[in-house]
Amino acid sequence: MTGRAGTDTGLVAHLVRHPIKSGGYEHVDRAVLSPGAAFPFDRVWAVAHAAARLTDPPGWAEKLQFLRGWGSSELMAIACTSDPQARRVTLSHPRRPIESFQPDNPSDAARLIEWLRPLWPANRPEPARVIAVPGQAMTDQDQPLVSINSLSSLADLSARMGHDLSIHRWRGNIWVQGWKPWAELDLIGREISIGTARLRVEEPIGRCRATGANPDTGQQDADTMAALERHYGHTDFGVFARVIKGGSIALGDEVHA
């Protein structure tokens with residue numbers, strides 16, 4: 001099920017970044033997008049597990065090398081605040097103490113691993129190493145893409161499931177209100193403008209079972225994958241876009257196709 005793209009102007013409702021891959025979400029009021037770059041301060045770090053196969057020195061690697069929500073729903077309940085200039089992140093979780101880390105610092109990286117350990121299943125390879133690659137976001141894609149999601153599509157899926165789904169199940173960067181439900185999927189291959197930036201919508205975002213976890217509790221409570229397949233015939237939610245003209249974006253900015 002898709003809508004007609006470009007028939008309505010949308011508005012930026014939320015901007016969200018995730019400084020540590022699968023390690024917390026954070027709302028921001030504005031961001032400056034750069035051409036050919038990911039969302040600012042998003043997935044700067046990732047935590048590799050003990051069985052990870054990484055290059056030396058480390059570079060971008062596939063998501064199965066890292067701690068992620070697919071492997072532990074508890075990770076989905078981490079929230080954060082950050083200071084990009086200090087490269088410091090403060091993490092919170094319903095069952096963990098609030099602590100701050102500078103993951104580039106080896107002692108803080110070790111503390112971060114210990115903080116995450118109780119949230120990771122004992123039957124999986126243990127958290128082992130914090131990875132950061134200068135100029136490379138540790139996203140699931142090796143390409144520098146920004147994720148865009150629609151509140152109308154989320155509301156449509158929530159209504160069909162009879163379950164009020166949080167935006168934080170989807171780990172998106174830009175949330176748009178005012179589009180027709182699922183119209184974003186018809187934008188693939190087209191350019192859109194947000195604030196003073198311009199992006200090209202590249203592909204749909206294929207989803208996994210991590211989206212079934214409640215970000216308030218860290219517990220699986222919704223079969224989002226089955227619902228997407230049953231109601232729409234696919235397991236996509238949201239789209240990836242490439243920044244082709246840099247610029248500032250902020251809450252309330254218009255989104256034009």
* **K21 bridged to D140 by N-O distance under 4.0 Å** => yes
* Asked: Just by distance, do the side chain of S150 and the backbone of S153 share a donor-acceptor pair under 3.5 Å?
  -> yes
* **D216 side chain reached by S166 side chain, heavy atoms, under 4.5 Å** => no
* Asked: Are W70 and F66 near enough that their ring centres are under 6.0 Å apart?
  -> no
* Side-chain contact test, heavy atoms from C-beta onward, threshold under 4.5 Å: evaluate it for I194 versus E254 and give yes or no. => no
* To do: Please assess I167 against H14 for the test side-chain contact (heavy atoms from CB on, under 4.5 Å), listing each intermediate value before the final yes or no.
  => CA-CA 9 Å; I167 66 170; H14 304 285; 3.8 Å; yes
* When you check the side-chain N and O atoms of T90 and E99, is any donor under 3.5 Å from an acceptor? -> no
* Give a yes or no on whether W115 and I113 share a hydrophobic cluster (residues Ile, Leu, Val, Met, Phe, Trp, Tyr; joining criterion: side-chain heavy atoms under 4.5 Å apart). => yes
* Got more than 12 heavy atoms from elsewhere within 6.0 Å of CZ, R53? -> no
* **Close side-chain approach of L91 and F101, heavy atoms under 4.5 Å** => yes
* Determine, using the 4.5 Å side-chain heavy-atom cutoff (strictly less than), whether L251 and I249 are members of one ILVMFWY cluster. => yes
* Student check: side-chain heavy atoms of L112 and I20 closer than 4.5 Å -> yes
* Asked: Would you call E114 and R111 a salt bridge, taking side-chain N to carboxylate O under 4.0 Å as the test?
  -> no
* Where the side chain of R129 meets the backbone of A48, is there a donor-acceptor pair that is under 3.5 Å apart? -> no
* **Atom of F39, atom of A31 and distance for their closest heavy-atom approach** => CZ-CB, 3.7 Å
* Quick one: do D108 and R87 satisfy salt bridge (charged side-chain N to carboxylate O under 4.0 Å, His left out)? Show the steps, please. => CA-CA 12 Å; D108 273 19; R87 291 178 69 86; over 6 Å; no
* To do: Just do the side chain to side chain donor-acceptor pair (under 3.5 Å) check on Q219 and S73 with the steps written out, would you?
  => CA-CA 6 Å; Q219 305 302 308; S73 60; 5.1 Å; no
* Same cluster for M138 and W170 if Ile/Leu/Val/Met/Phe/Trp/Tyr side chains link at under 4.5 Å? -> no
* **Same cluster (ILVMFWY, side-chain, under 4.5 Å), I131 and W120** => no
* Structure fact -> Distance col, row D253:CG vs S193:OG, nearest 0.5 angstrom, shows 9.5 Å
* Measuring from E229:CD to D223:CG, what's the distance to the nearest 0.5 Å? -> 11.0 Å
* Would you sort out whether V47 and L116 count as a side-chain contact (heavy atoms from CB on, under 4.5 Å), showing the intermediate values? => CA-CA 9 Å; V47 180; L116 291 168; 3.7 Å; yes
* **Flag side-chain contact, heavy atom, 4.5 Å: L228 against L157** => yes
* Asked: How far apart are the closest heavy atoms of A250 and V12, and which atoms are they?
  -> O-CB, 3.6 Å
* Structure fact -> Applying ring-ring contact (aromatic ring centres under 6.0 Å, His included) to Y25 and not counting sequence neighbours gives H168
* Side chains of S92 and C80: does their closest heavy-atom pair fall under 4.5 Å? -> no
* Counting N and O atoms only, with roles assigned by atom type, does the side chain of R117 sit under 3.5 Å from a partner on the main chain of E126, one being a donor and the other an acceptor? -> no
* Structure fact -> Nearest heavy-atom approach of V16 to D42 is O-OD1, 4.4 Å
* Between R171 (side chain) and G24 (backbone), is there a donor-acceptor pair under 3.5 Å? -> no
* **Side-chain ion pair, D156 and R160, N-O less than 4.0 Å** => yes
* Asked: For the side chain of R230 and the backbone of M225, is there at least one donor-acceptor N/O pair under 3.5 Å apart?
  -> no
* To do: Classify the side-chain pair S82/R17 by whether it contains a donor and acceptor separated by less than 3.5 Å.
  => yes
* **Expected output: side-chain Q136 to main-chain V44 donor-acceptor under 3.5 Å** => no
* Asked: How about E191 and I244: do any of their side-chain heavy atoms sit closer than 4.5 Å?
  -> yes
* May I ask you to check whether H93 and E74 show a side-chain donor-acceptor distance below 3.5 Å? => yes
* Asked: To the nearest 0.5 Å, what is the distance between CG (N214) and CD (Q220)?
  -> 10.0 Å
* Decide if atom CG of L54 counts as having more than 12 heavy atoms of other residues, nucleotides or ligands within a radius under 6.0 Å. => yes
* Asked: Are R200 and E202 close enough for a salt bridge, meaning some N to O gap below 4.0 Å?
  -> yes
* To do: Using a cut-off of 6.0 Å, state whether more than 12 heavy atoms not belonging to R30 lie near its atom CZ.
  => no
* To do: Start with the C-alpha distance between I148 and I192, add both sets of side-chain angles, then the distance that settles side-chain contact (heavy atoms from CB on, under 4.5 Å), and finish with yes or no.
  => CA-CA 11 Å; I148 302 175; I192 62 174; 3.7 Å; yes
* Asked: Between CD1 of I205 and OG of S147, what distance do you get to the nearest 0.5 Å?
  -> 5.0 Å
* So, does T211 use its side chain to make a donor-acceptor pair with the main chain of C208 at under 3.5 Å? -> yes
* What's the spacing between L67 CG and S22 OG if we round to 0.5 Å? -> 7.5 Å
* **Side chain S152, main chain W179, donor-acceptor under 3.5 Å** => yes
* Taking all non-hydrogen atoms of both residues, which atom of E184 and which atom of V239 are closest, and how far apart? -> O-CG1, 3.5 Å
* To do: Kindly assign one of parallel, tilted or perpendicular to the pair W182 and Y232, based on the angle between their ring planes and the thresholds 30° and 60°.
  => tilted
* Asked: Shortest non-hydrogen contact from G247 to T196?
  -> CA-OG1, 3.2 Å
* Would S158 and D164 count as having a side-chain donor-acceptor pair, cut-off 3.5 Å? -> no
* Structure fact -> Shortest non-hydrogen pair, D236 vs G206, comes out as OD1-CA, 3.5 Å
* Candidate pair V89 and W45, rule side-chain contact (heavy atoms from CB on, under 4.5 Å), full reasoning -> CA-CA 10 Å; V89 180; W45 299 279; 3.6 Å; yes
* Do side-chain atoms of T9 reach the backbone of H256 as a donor and acceptor pair under 3.5 angstrom? -> no
* **W60 (side chain) donor-acceptor with T139 (main chain) under 3.5 angstrom** => yes
* Is L11 linked to V176 within one hydrophobic cluster, defined over Ile, Leu, Val, Met, Phe, Trp and Tyr using a side-chain heavy-atom separation of less than 4.5 Å? -> no
* Asked: Could you state the interatomic distance from CZ (R68) to NZ (K63), rounded to the nearest 0.5 Å?
  -> 5.5 Å
* To do: Examine the side chains of H18 and R43 and answer whether a donor and an acceptor come within less than 3.5 Å of each other.
  => yes
* Evaluate the side-chain proximity of R96 to P118: yes if any heavy-atom separation is below 4.5 Å, no if none is. => yes
